[in-house]
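Below: one structure, written as structure tokens.
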Amino acid sequence: MLTRRHLLTGAAVGSAALLLPGTASAAQPDTTTEQGWLDWIAAHRHDVSVLIDDGDGRRAARNPGVRRVLASSIKVVHLSAYAESRLDPREQIRVGDWDAHHPFVADGRAHFQALNWLGIPCDDFGIAKDPEQRVPLARLAEAMILFSDNAATDYLRVRLGDPALQRAAARGGWLRPDTRSLGGEVLMLMMPEYAPPPGSPAAVRRAMGDAVTRRFVRDPGFRAEAFERWPDMPGTSDAQWPWVKGHGQGSASDLFSLHRSIANGLYAPAREILAKPLADRIPPGANEVLFKGGSLPRSLTLGLSVRWPDRRSGTAAILLTGVSDQDMQNALPLIDLALAALSDPARFTALEQALR
């Protein structure tokens, strides 16, 4: 069940509640609550990479340099490169050229939702009924963050180029991010004969993913073949896990550095877009929350910052592995936990103790 959790809904963060230090126990943590996620973290410390700094003298970390699957959290790199580029946000983009990067499925209907958001009629697979329609380039950057649209991400990667993505990330403290084709990853899961053997070097998998996605974009016959193949894709987290393990990876330190840089003033256009997903969850007294998360089977990730009127900013990067399908449904309390830790010293202490 390759899905993308958008992590965008819900009411504002509620009133403060006492959080106890997380404790490992035989009982399954109840991740519908912030306390449950503290318990989960305490019970799965080897599956957790966290780096958090509240901007007011408190910092905590657990396995910050361990590379883990990033899922859609990588998209902050593409957004940064877009913000730094000379591309005209008003440029009119042919919707069919955007659609060409969407392999029909495996994105949690993100592309479908993005087209609906823009009022573009499309079929059930998120393919526009009129490919000649035009939308401003800025809307693709927003769709990449608001809906986690992989097609927008890959479109921007092609327009910007990997060197621009690498430079933008490096300016924010993230060296050599893995900016592979997300559509190519889906196509290799869908059509494994185009994928390298399991355990192949990341560079080989990136190259093969780029090759198959270029063919998908350019060859209508190949797109038709892929459409016939998608029903045979592995359909469970267990079946997809061998594929997920080879997906793009990075560390909490990497993700933290770029989010921290944006919160501190780098790439203002990127900050404006990152502020939209959680505009209804801003902690009391804060100016804004900057956010991008992601998920793949067994993997849940997020990077976020809280900015305050006194120019202080707190940042958290959280990468989790070994997350059950049920716990995946409870990403919002994890977000609330990170927001609380950045806003309340007592909650920061509770998270710090769970990480020890």
Side-chain angles (χ1 to χ4, degrees), residues 1-5 69-72 74-75 78 95-115 122-128 131 140 143-144 147-159 161-162 165 178-249 294-299 325 328:
M1 75 186 102
L2 180 59
T3 58
R4 197 76 55 201
R5 316 297 180 193
V69 171
L70 288 168
S72 287
I74 187 65
K75 293 171 184 174
H78 303 69
V95 173
D97 295 337
W98 179 12
D99 279 350
H101 293 273
H102 172 52
F104 310 114
V105 294
D107 69 340
R109 292 175 68 79
H111 188 61
F112 175 90
Q113 293 180 34
L115 293 187
C122 62
D123 64 20
D124 287 343
F125 293 92
I127 303 300
L140 272 70
M144 175 177 67
F147 301 98
S148 211
D149 181 23
N150 291 342
T153 308
D154 281 355
Y155 180 90
L156 287 171
R157 178 189 177 221
V158 170
R159 289 293 305 273
D162 278 331
L165 270 63
D178 189 335
T179 54
R180 66 183 69 190
S181 168
L182 301 180
E185 287 293 316
V186 172
L187 288 165
M188 289 189 293
L189 180 66
M190 187 185 297
M191 309 167 81
E193 66 271 24
Y194 293 99
S200 296
V204 172
R205 181 157 161 170
R206 279 196 299 272
M208 295 187 73
D210 284 350
V212 72
T213 201
R214 282 194 298 268
R215 185 174 176 188
F216 182 85
V217 168
R218 299 170 182 173
D219 183 348
F222 187 67
R223 288 201 295 274
E225 179 185 351
F227 184 77
E228 295 297 323
R229 296 285 299 278
W230 77 260
D232 298 325
M233 288 173 58
T236 67
S237 294
D238 287 345
Q240 290 180 7
W241 178 240
W243 168 82
V244 171
K245 288 190 293 185
H247 214 279
Q249 298 186 4
S295 68
L296 284 167
R298 301 188 187 177
S299 302
D325 293 345
M328 282 284 194

With side chain to side chain contact (heavy atoms under 4.5 Å, CB included) as the test, would you mind laying out the steps for Asp99 and Cys122 before giving the verdict? CA-CA 10 Å; Asp99 279 350; Cys122 62; over 6 Å; no
Test your reading of the model: is there a side-chain donor-acceptor pair from [X] to the backbone of [Y], 3.5 Å cut-off?
X	Y	value
Lys75	Ser148	yes
Arg109	Asp124	yes
Gln249	Val69	no

Which heavy atom in [X] sits nearest to a heavy atom in [Y], and how many Å separate them?
X	Y	value
Ser299	Trp241	OG-CZ3, 3.9 Å
Ala71	Gly294	CB-C, 3.8 Å
Pro197	Ser200	O-OG, 2.6 Å
Met328	Leu296	CE-O, 2.8 Å

Ring centre gap for Phe216 and Phe104 strictly below 6.0 Å: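 Ring centroids of Phe216 and Phe104 are less than 6.0 Å from each other.
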Do Phe222 and Phe227 have their ring centres less than 6.0 Å from each other?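 Ring centroids of Phe222 and Phe227 are no less than 6.0 Å from each other.
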Taking it one step at a time, do Asp107 and Phe147 satisfy side chain to side chain contact (heavy atoms under 4.5 Å, CB included)? CA-CA 10 Å; Asp107 69 340; Phe147 301 98; over 6 Å; no
N/O donor to acceptor pairs below 3.5 angstrom from side-chain atoms of residues 182-191, sequence neighbours left out:
unit_1 : atom_1 : unit_2 : atom_2 : d
Glu185 : OE1    : Arg205 : NE     : 3.0
Glu185 : OE1    : Arg205 : NH2    : 2.4
Glu185 : OE2    : Arg180 : NH1    : 3.0
Glu185 : OE2    : Arg205 : NE     : 3.2

Are the side chains of [Y] and [X] in contact, using a 4.5 Å heavy-atom criterion?
X	Y	result
Met144	Tyr155	no
Asp123	Phe112	no
Ser72	Thr153	no
Pro192	Arg229	yes

Using 0.5 Å steps for rounding, measure from the CG atom of Asp162 to the CZ atom of Arg206.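 Output value for this atom pair is 8.5 Å.
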Classify the ring geometry between His111 and His102 as parallel (under 30°), tilted (30 to 60°) or perpendicular (over 60°).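 His111 vs His102 ring planes: tilted.
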Closer than 4.0 angstrom, basic N to acidic O: yes or no for Asp238 and Arg298?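 Salt bridge flag = yes for Arg298 with Asp238.
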Does Arg157 pair with Asp210 as a salt bridge, N-O distance under 4.0 Å?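 Yes.
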Is there a side chain to side chain contact (heavy atoms under 4.5 Å, CB included) between Leu115 and Val95 once you walk through the steps? CA-CA 9 Å; Leu115 293 187; Val95 173; 4.3 Å; yes
